[in-house]
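Below is one structure, written out as structure tokens, with a few remarks after it.
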Amino acid sequence: MNSPHAATAESVAVLGAQTVSKAFGGVQALRGASLVLGAGEVHGLVGENGAGKSTLIKVLGGRIAPDSGTVLLDGQPVRLSGPADSTRRGIGTVFQELTLLPWMSVAENLLIGREPRFPLGLIRRGALAGEAEAVLAGLGIHHIDPRALAAEVSLAERQIIEIARVIIRKPRILLLDEPTSSLVEREVEWLFARIRELRSQGTSIVFTSHRWNEITSIADRITIFRNGKEVGTYTAIDETEAITLMTGRRVEAMYPPLPSVPANAPPALAVSDASLGGAATFGFSLAAGEILGIGGLAGQGHRELFTGLFGAPPLKRGTIRVDGKPIRIARPSDAIRAGLGIALVPEDRKGEGLLLPLPVRDNLTLPILGRISTFGVIRGGEEARMSREMISRLKIRTPSAAQPVGTLSGGNQQKVLVGRWLLAESRILLLYDVTRGVDVATKHEICELIARLAQEGKAILFYSSDTEELAHLCHRVLVLRGGRVAAELTPPALTAEAIVSAAIRDADAA
Amino acid sequence: MPMPRDPADLPKHGRRRPRAAHIVGQNIGLILAVTILFLSIVIFAGMFLVQQDRLPGSFEITSTVNNTMPLALAAIGQTIVVLTRGIDLSVGGVIDLTNALAAIFLPGSVLHMIIVSILIIVAGGLAGLVNGLIVGLGRLQPIVVTLATLSIFQGLAIRVLPQPGGSVPTGYTEFLVNTSGPTALLFLGLAALGWMVLRRSRLGVDLFAVGNDEPAAIALGVRAMRTKILAYTIGGMLYAVAGLFLAANATGGDATTGDDYTLTSIVAVVLGGVNLFGGRGSAVGAICGAFITTMIVNILFFAHINPLYQSFYEGLFLVIAVVFGGLIGRLVRRGS
Ligand SMILES: Nc1ncnc2c1ncn2[C@@H]1O[C@H](COP(=O)(O)OP(=O)(O)O)[C@@H](O)[C@H]1O
Ligand SMILES: [Mg+2]
């Protein structure tokens, strides 16, 4: 973080916001916020969901006009008339909501506005794909088919195209709003390599992310936002202090102390001879009250393991024992009957699991409707009571139980999923990357909740794309590689570095 | 701390589907339209052969083409509006109005006819501009706006030509809809060429962008409002040309003759594989859709279906086309 760039950053400001305010209807998104972006620096912007980061980036990107306050470009006040205007002035923006056009090809999206043309100015449609292929290859992207429709490629690929589209316009100032929320590690590394390259060429960059490790590994300076305004700008700050500043509440530590696992607790879940596709097999057992982490390089089949245990779809091979008895899990209803519940972050935060337009209440009680119904009619009073209790127990932030779940923040949607399985009396929770894309304050709450659930005797299988979280929140971590358990780490050997180095060793061996 | 970097960064290779697969997948609506058109022509030719002991000849082809011209032009205009995720119900009114104007003002010298034709197209463009301005600046629902202007344009048409009548010079008719051969196909060729140019212009990209995702298009610097206004304006001009062709066909004017085109232009657009939710479709598809609509009428005629039931069958085919098109589209996407 104390890179040489930080020193120059103070001296030359290329882009700034001065006491900018913006309201949407009754919501005051920005309240006199300021930000100074130095020449050639990477400026991290962090804050809870709703702190106003995206609104500020939209103001700087010319997408919305502030109610009051000024935008300064090279020290001069400017009025950005629209996205095209800010692009012309050398500001490139990747907005948080992707702006790809779904029914147009990757190439058309990438090159929009700068397509190859005939002498008279007509677009050479036949040359689009070839040009896009070359442009993408120049950025180290080879795996995306430029002829495919944007709607046909994965969310991560869409995000990469979006970033590429902005970078190839060679902006002087690059604004990136949560560009990594749908990327896996190697893709994040790709982006960071591009960011470092651009920084070395003098580009000034604003970068927002909910993953603290990303911020500390790429940002020269960090500005913390709370409640529509900056709290301060720092060159070095540790995570707990940052969280305290973001939330305005004193946070002792990001991760709660772990309850101890009762000695010789019987295994609640045991898996043997499991295969994630290849010939290699592995097994593990998980005790009641234990949090067992699963680590390893991305793409090692973690997700398949979690969905496999839930029967959606079932594991290709393997024996599953619950409380010592072998069971067959062919579909989710088998898993639910056996006491398993799953919460995972779907790739696009929609679908899988939650019925977004329906109220929190209905989403919570979905699997237990049979239990709380008489002759098929739901006992409304009981349903209301159960969901109210769960909302307060899990600290789900919602105006009421009748709120459509789709309007909650990502972290609170996760809590609803967990709450559903608690109501269903699941004793084994499969938590797959539940804190992904969740702001730090809510993440802190979720971590505390997980520790509390373990204390209550739930058996928890846990995967996170954040290695730090695996190291701190788990009693034990299994590092998977090539379909085998490559390392089993327990304290004091259980550290983020140890998980990573186990994975590196494996990667080298592979 | 982040997971270790894969030494290879992003994958060095990725799945590339064959070009043909992309072309088929991305033009499935058009391919379907061409197929249906082909089938309907075969069925029609078969019925004709059975009942007339010969295949349809130059006369039948010429009259089919001439009868379809107004619809084809209206459907192209409708396509351009639908591409922006809009819809234009005022088609019928604009055709009524321009048809009435043509019947009254066209007779005269060649130069006079040229000038009047241009002015009528401008009038159609102005009608479209009104739609576009209300939809664009007022941020109102296109369906409501154009339903209202439909009535207004119909009213104006009646004012211009209270009784069917007026006249269109024979030379004018022969130029647009030559009865001795399907020369009107030339105009369709021109329209298709115009479409290809539009597709390769900034405006064309903007039309598709706005229909794909308007907020995203705006974030990309597309002037969405201007694009929509232009779409309705170009639409209006094309309906005016349709009105001229209709007048040339009938060698006279009628202030209600265009009314059907509101519905049939939408039928043709859907049959032509243009997505009603915007952002997908082509004028070539719309032209096919127009011809399919005519062929359906022809087939119903030869099947001795009471003309009173014609709109019943048109509606039925529309529903089938929408359901079938959606199914095929989904299958193709799943298979990919
Ligand atoms: N277009 C909008 N309409 C209404 N409210 C909005 C809109 N955009 C943002 N907000 C509100 O403004 C606040 C700040 O949002 P945002 O800038 O997206 O925060 P962040 O990016 O830090 O999570 C939130 O309370 C959000 O609900
Ligand atoms: Mg945001």
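Here is how names work: the chains are called A, B, and so on, in the same order as the sequence lines, proteins then strands, and each is numbered from 1.
With a 4.5 Å cut-off on non-hydrogen atoms, A/Ala148 touches chain B through its backbone and its side chain both. Contact annotation for A/Glu97: neither backbone nor side-chain heavy atoms come within less than 4.5 Å of a heavy atom of chain B. In this structure, the portion of A/Glu133 lying under 4.5 Å from any heavy atom of chain B is its side chain and not its backbone. In this structure, chain B has heavy atoms under 4.5 Å from both the backbone and the side chain of A/Arg147. When heavy atoms are compared at a cutoff of 4.5 Å, A/Arg165 approaches chain B solely by way of its side chain, counted from C-beta outward.
Here the closest heavy-atom approach between residue B/Pro215 and residue A/Arg63 is recorded as O-NH2, 4.0 Å. In terms of heavy-atom proximity, B/Asn212 sits nearest to A/Trp103 at OD1-N, 2.6 Å. The two residues A/Pro146 and B/Arg16 come nearest to each other via the heavy atoms CD-NE, 3.9 Å. Between A/His142 and B/Pro11, the closest heavy-atom pair is CB-O, 3.8 Å. Considering all non-hydrogen atoms of both residues, A/Asp145 and B/His22 come closest at OD2-NE2, 2.7 Å.
Rounding to the nearest 0.5 Å gives a distance of 14.0 Å between CG of A/Leu122 and CZ of B/Arg202. Note that CG of B/Leu220 is 7.5 Å distant from CG of A/Asn109, once rounded to the nearest 0.5 Å.
Although no hydrogens or angles enter the test, the distance criterion places no donor-acceptor pair under 3.5 Å between the side chain of B/Arg199 and the main chain of A/Arg125. The main-chain N or O of A/Leu101 is never found under 3.5 Å from a side-chain atom of B/Asp213 such that the two would form a donor-acceptor pair.
Within residues 110-120 of chain A, the residues having any heavy atom closer than 4.5 Å to a heavy atom of chain B are A/Ile112, A/Glu115, listed by residue number.
Note: A/Pro83 leads A/Ala84, A/Ala129, A/Pro83 in heavy-atom pairs under 4.5 Å with chain B. Among B/Gly221, B/Gly279, B/Ala219, the residue with the largest count of heavy-atom pairs under 4.5 Å with chain A is B/Ala219.
Counting non-hydrogen atoms of other residues, nucleotides and ligands closer than 6.0 Å to CZ of A/Arg89 gives a total above 12. The environment of B/Ile143 atom CD1 is sparse: at most 12 non-hydrogen atoms of other residues, nucleotides or ligands sit within 6.0 angstrom. The local environment of CZ in A/Arg158 is crowded, with over 12 non-hydrogen atoms from other residues, nucleotides or ligands closer than 6.0 Å. Residue-environment remark: CE (B/Met196) stays at or below the threshold of 12 foreign heavy atoms within 6.0 Å.
Among pairs with a residue in residues 145-164 of chain A, none fulfils ring-ring contact (aromatic ring centres under 6.0 Å, His included), at least two apart in sequence or across chains.
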